[in-house]
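All remarks here apply to the structure that follows.
Residue indices begin at 1 and follow the sequence shown. We count ligands from 1, going down the list as the structure has it; atoms in each ligand are counted the same way.
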Amino acid sequence: MTANILDGHAHAQILIDKIATELDRLPRAPGLAVVLVGCDPASQIYVQSKVRMAQRLGLRGEVERLADDASEADLLARIAALNAREDIDGILVQLPLPRHIDALRVMAAVDPAKDVDGLHALNAGRLFHGDDALVPCTPLGCLRLIKSIRPDLTGAHAVVIGSSNIVGKPMAALLLAEQATVTQVHIHTRDIERICRQADVLVSAVGKAGLVRGDWIKRDAIVIDVGTTRVAQADGGYAVRGDVSFDEAVEIASAITPVPRGVGPMTIACLMENTVKAAKARAARLQ
Ligand code: GUN
């Protein structure tokens with residue numbers, strides 16, 4: 001038996017259709033601003049996809065561009081202006097930022113009520129407390145995919161590879177909130193393979209193509225691959241590869257996300273969901 005391949009596009013479309021029905025109940029179209037510093041090619045593609053999806057859905061989507069050499073003060077001033085705008089409900093600062101800018105200071109500058117990336121310490125803290133929060137879009141999308149296969153995660157052993165603020169840590173918090181037993185492994189963890197082999201749910205968010213081999217995976221595990229690494233091809237182009245050796249894993253897992261068309265579309269759909277959630281909460285406060 002080969003694994004059920006989790007089609008991120010199909011799952012994302014279901015979520016997008018659901019969000020579309022909620023828009024009618026809002027006093028105006030929610031506004032999303034995506035801030036892009038510099039011209040990293042991958043970031044430009046991601047930002048374009050986010051704003052296009054927002055516009056397709058009928059949200060007001062806009063990109064705020066700053067040059068590579070923009071100062072941190074320039075960026076903070078731009079964020080302050082977006083925080084003050086009544087027509088903007090969601091603000092996302094695309095990562096990574098140039099090295100001369102402190103990402104944590106930037107995340108702290110976003111109004112937590114407009115923090116649709118869920119990266120402000122207040123939202124991160126609320127997530128860890130089990131309180132209502134804006135939750136980072138990629139782990140939220142991963143959880144939705146996992147629950148489409150296994151709605152009740154009580155007592156499941158979930159292993160998360162990676163401990164970033166944007167994926168690994170919030171992923172672990174979300175799984176813990178679902179009553180899973182969570183192990184977080186990272187670059188300094190010894191014997192990662194042995195730990196992964198115990199996982200009923202395995203999420204890899206490292207960015208190292210092919211890291212997770214078939215023999216790291218427990219039979220019938222759910223495997224979620226967040227990695228996207230550009231690998232050069234003989235023809236001069238590149239292919240995008242996940243963290244998981246897909247051809248090996250598909251023979252062992254019960255369900256697996258492909259790369260591309262796995263987690264990526266869910267990240268964007270969850271960003272739309274967070275933007276509508278933020279807009280609804282602001283509208284309720286202003287009533
Ligand atoms: N870069 C890659 N993924 C993301 C994301 O989900 N949010 C932000 N802000 N930057 C990213």
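Each side-chain hydrogen bond (donor to acceptor under 3.5 Å, both in side chains) pair with one or both residues in residues 149-161, not counting sequence neighbours, appears once here: D152-T154, H157-T183.
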Pair up each side-chain donor or acceptor in residues 18-27 with any protein partner under 3.5 Å, not counting sequence neighbours, and list the distances.
| from | atom 1 | to | atom 2 | distance (Å) |
| --- | --- | --- | --- | --- |
| T21 | OG1 | K18 | O | 2.6 |
| E22 | OE1 | K280 | NZ | 2.8 |

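Within the hydrophobic cluster formed by Ile, Leu, Val, Met, Phe, Trp and Tyr side chains joined at under 4.5 Å, directly or through other members, F246 is accompanied by I5, V159, I161, V185, I192, I195, L202, V206, L211, V212, W216, I217, V223, V244, V250, I252, I256.
The number of heavy-atom neighbours closer than 6.0 Å to CZ of R85, taken from other residues, nucleotides and ligands shown, is above 12.
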Which protein N or O atoms sit under 3.5 Å from any N or O of ligand 1? Give each pair with its distance.
| from | atom 1 | to | atom 2 | distance (Å) |
| --- | --- | --- | --- | --- |
| ligand 1 | 1 (N) | Q94 | NE2 | 3.1 |
| ligand 1 | 1 (N) | L95 | O | 2.9 |
| ligand 1 | 7 (N) | D117 | OD1 | 3.2 |
| ligand 1 | 7 (N) | D117 | OD2 | 3.2 |
| ligand 1 | 9 (N) | V93 | O | 2.8 |
| ligand 1 | 9 (N) | D117 | OD2 | 2.4 |
| ligand 1 | 10 (N) | L95 | N | 2.9 |

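A pairwise comparison of heavy atoms in L6 and S148 identifies CD2-OG, 3.7 Å as the closest pair.
Exactly one residue among T275, D87, D89 makes a side chain to side chain donor-acceptor pair (under 3.5 Å) with R60. That residue is D87.
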